[in-house]
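Atoms within a ligand are numbered from 1 in the order they appear, just like the ligands themselves.
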Amino acid sequence: MVSAYTGSQVRAAERPLLDRGEGAALMARAAHGLALAVLRELERTGAVYGRRVAGVVGKGNNGGDALFALAEIARRGVRTTAVLTGGTAHPDGLAAFTAAGGRVTEELEPADVVIDAVLGTGFAGEFRPPLPRPAATVVACDLPSGVDADTGTAGAAVWRADVTVTFGALKTGLLVGRGRELSGTVEVVDIGLGPHLPEPDVRSLDDAAAAALLPRPRDDWQKYSRGVLGLVAGSPDFPGAAVLSAAGALATGVGMVRIVAPDEVRNLVLAAHPEVVGSLEPRGRVQAWAVGPGIADDGGQRRALGVALGSGLPTVVDASGLEALGEFLAADPRSRGSAAEPRLGEVLARIAEEGTVAGEHLVLTPHAGELESLLANFNSASDAPSRDSIESQPLHWAREAARRIGVTVLLKGPATVCAAPDGTAYVQGSGHPYLATAGSGDTLTGILGALLATGTHAGGHGSARPVELAALAACIHQRAGRLAAKGGPYGAGELAQAVREAVALFAA
Ligand SMILES: NC(=O)C1=CN([C@@H]2O[C@H](COP(=O)(O)OP(=O)(O)OC[C@H]3O[C@@H](n4cnc5c(N)ncnc54)[C@H](OP(=O)(O)O)[C@@H]3O)[C@@H](O)[C@H]2O)[C@H](O)CC1
Ligand SMILES: [K+]
């Protein structure tokens, strides 16, 4: 499991050590880690001796780290220079730098590697780098200067780093938003903060954590104990969405898929997957629902949405299902209140056959545009975010939507953010650009539906939270995207085989 922390969490973790007078030791560890990373970059591209490294150095401790690192690098026979952007600089760092032969310059001198150390976690407000980004390899000290360590937001001119060497713990802002795009390869240097770190702000599943979460069938289970997924998907205009989501579910592993769809859609699904059973209206018991890919604006599928939402079972709502949900929210005057309430449950109680409450078992899987409409419908329009702000602050808005609506949210984007109503959040950011293809989302809905059916009910794996399974679904989907991309671009129809391979990797 990868854990990430806000800038303030890391600064609070440093506090007891600084109070014990260990600030210089912390900075020495940070600087040493940074120096090693820069030396590695030099070695990767040739010799070390005689090369040139320049620092763009601010007046705070971030600049201090860089000056100590430059001093260490200079002792390896590298020519080092520094531009001091704040007029002053960390006094001990500057003394070490000049003692090692480093030169302060007015202009940035040509260099093989440039260290970006204008600002670190002390950054607040707005920032425009004092110089244009050089063509050299850029190594960011702690984080690219001007990236907000908590949110990942950054001004337009903030430099893109090739490598970011971050100290003490991974910062949330390097996982999401522009911070993710600007940080390049991220390396965490341990400076001894471990015992002082709180619960992480966000987590990300690595392969081991994904493998531990993956529901695995037991020898003595039959298809019903493995879990049955009810899939409400496809319409005469979009029959393929049903085929792709069924494929995603089957490739992930589930006891059975029951599809609720019009005849022509069912026939198509059955032709591709004869093991699927189906009907026009919801029939038979299921352990989870997946609702929405390609559904039409007709009474039957609306009713099925109501049945799913009213069942109290784990349910993923995607695509057209989200539109329908948005209309329900908009139509109910009680959904137009303050930000914190009313809860979705009050609205759903009217549309469902049985009363229900919203809860983390409902997983909405919007992209930024869909979340914009959902929140606009849910709130008084005045404090609903624009699509742009959702895209620049995906973690904030996924969390906020989960809290306001009272559900689990999987927000799609360059990095997928999964958030539960209590603020628990996961970020999965290792997809492949080819994954952005028509039908890819339908496959994801199938994957998540299967995980909810097998991973949350009492007869199954049982203990996983929907937010964890949402993160696992994103992780499987992204791994599948990378596996499928080996041979070049692909259509979503080819993803299912790669989903099976990804699941096999995690199950091994
Ligand atoms: N604390 C430690 O011993 C360790 C710290 N590490 C490194 O330190 C930085 C954080 O250092 P800090 O000095 O707190 O802050 P910065 O260096 O990031 O920036 C400080 C100054 O920048 C100015 N500032 C803030 N926002 C802006 C802005 N938008 N534009 C321009 N300038 C800005 C601010 O000065 P003001 O006078 O304007 O308030 C700050 O003084 C951390 O990132 C690590 O790199 C090590 O990890 C080791 C231990
Ligand atoms: K920096």
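- The nearest protein atom to atom 11 (O) of ligand 1, hydrogens excluded, is given as N61 CB, 3.2 Å; this is a heavy-atom distance.
- Nearest N, O or S atom of D116 to the K ion (ligand 2): atom O.
- With a 4.0 Å heavy-atom cut-off, ligand 1 is reached by the side chain of L18 but not by its N, CA, C or O.
- The shortest contact between atom 17 (O) of ligand 1 and any protein heavy atom is with N62 N, 3.0 Å.
- The K ion (ligand 2) has no N, O or S atom of P144 inside 3.4 Å of it.
- A donor-acceptor contact closer than 3.5 angstrom links the side chains of D422 and T424.
- The shortest N or O to N or O distance between G122 and ligand 1 is under 3.5 Å.
- Ligand 1 places these atoms under 4.0 Å from at least one heavy atom of L26: 48 (C), 49 (C).
- Only the side chain of D142 comes within 4.0 Å of ligand 1, judged by heavy-atom distances.
- R44 and T137 share no donor-acceptor pair across their side chains, judged by distance under 3.5 Å alone.
- Shown in contact with F167 at under 4.0 Å from a heavy atom are these atoms of ligand 1, numbered in order with element: 45 (O), 47 (O).
- Between the side chains of D201 and T6, no donor-acceptor pair of N or O atoms lies under 3.5 Å.
- Distances below 4.0 Å separate heavy atoms of A124 from the following atoms of ligand 1: 25 (C), 26 (N), 27 (C), 28 (C), 29 (N).
- Remark: minimum distance from atom 7 (C) of ligand 1 to any protein heavy atom is reached at D65 OD2, 3.0 Å.
- Remark: ligand 1 and I191 share no N or O pair separated by less than 3.5 Å (distance only, no angle test).
- Residue D142 does not count as close to the K ion (ligand 2), with no N, O or S atom under 3.4 Å.
- Protein heavy atom at the shortest distance from atom 41 (O) of ligand 1 is K59 CE, 3.8 Å.
- The protein heavy-atom contact nearest to atom 30 (N) of ligand 1 is E126 O, 3.8 Å.
- Counting heavy atoms closer than 4.0 Å to ligand 1, residue R29 contributes nothing at all.
- Between the K ion (ligand 2) and V118 there is no N/O/S contact shorter than 3.4 Å.
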